[in-house]
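Both ligands and their constituent atoms are indexed starting at 1 by order of listing. In this chain, residues are counted from 1 in sequence order.
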Amino acid sequence: MQKTIERIAGDSEGVAYELPVLRFEGKDKAAPSAYLQAALHAGELPGVVAIDALMPMLAKAEAESRIRGPITIVPWANPIGRAQYHFGEHQGRFNLGTRTNFNRSFPLLATPDARLLPDISLGGADRRLKNRLVQLSLGNDIVLDLHCDDEGLAYLYIHTSLWPHMADCAAAMGIDAVVLWSDDTDGTFEGASIMPYQNAPANVARFDRRAVTTVEYRGILDVDAALAASDAEGLYRLLVTRGVIQDPSIPKFETFSGPVVPLENIDMMPSPRAGAILYDVKPGDRVKNGDRLATIVHAPGEAGGRTEVFAPQSGLILTRRARRIIRAGEDLLKLAGDARSGDARSGTLED
Ligand SMILES: [Zn+2]
């Protein structure tokens, strides 16, 4: 394993950011290559500790000469967000200087050619970081962006062009659910990793061996050694299943038996009132149309001071908020419905 340090110039003299890049060489030129990054939203740590648990498995494979394709790993993808504290609380989702989400405004290239990246020499540190992450990842057959939700199941976002080809990946990772999407107007990292291939010739696109996904490793508090170990095993099985690592002890994965839900089926359930949330449901619950999902306590102790929220359709509770305070119009949860949502959103689900 080789470690290098990437340096991203800051927005003022004397400020710079660093991120480590860990690389394993592959011995087989024809084998698929893999890129993994974690904590693009800097405070989302389940993927960081999963990578930490994965490294000894990769080191063993390297020592035994079983790494076929090159592997690039960026365990802390966002040193800018990692350093952002606002009134004592960590803020890793938006750049405090620009209000831009760290997982939006990536360049969506017309073809998979990093030379097409915009000139950002004067463009701000987060744009320099985004360009660099695209340079590091573009061209890899497997690109995994490890995130987490507030509270949630382990699920994957996958572009429709890669489904069902990626059913083996979802099965190997031991994921609970898959959400399929087709439009990216916001420039997510995943979009920047897969959209350049949409109009590429078949011998470049290679959707049969390409794997690109945003991995949502449950909730923000799901950072512990046991989950890290099982997620690392899932990542390792994916790398073996896709031929990046050789390991005959790992069985072949092909079919995924969990729910596969189009993005437009997801009901985000905007809260009708501001207040305290009393949830009736948690991630993993099945609900029926009309079931109560939550009660919002907006005028405590007063008649009419509670407002109930009911499921608009049957489905699976994918996520819910970690904090129980909410403003009117903010989303209560993700209900992966059995049918198209009346509130279907195009592009990304959240800001
Ligand atoms: Zn995230």
Geometric cation-pi criterion Arg210 and Tyr197, 6.0 Å radius, 45° cone: yes
Backbone or side-chain N/O/S of His41 under 2.8 Å of the Zn ion (ligand 1): yes
Spacing of Leu54 atom CG and Leu36 atom CG [to the nearest 0.5 Å]: 7.0 Å
Residue His147 atom name (nearest to the Zn ion (ligand 1); N/O/S): ND1
Glu44 atom (N/O/S) at minimal separation from the Zn ion (ligand 1): OE1
Tyr85 and His90 aromatic centres sub-6.0 Å: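 Yes, they do, as the ring centres are separated by less than 6.0 Å.
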Ring centers of Tyr157, Tyr155 separated by less than 6.0 Å: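 Close enough - the centres of the two rings lie under 6.0 Å apart.
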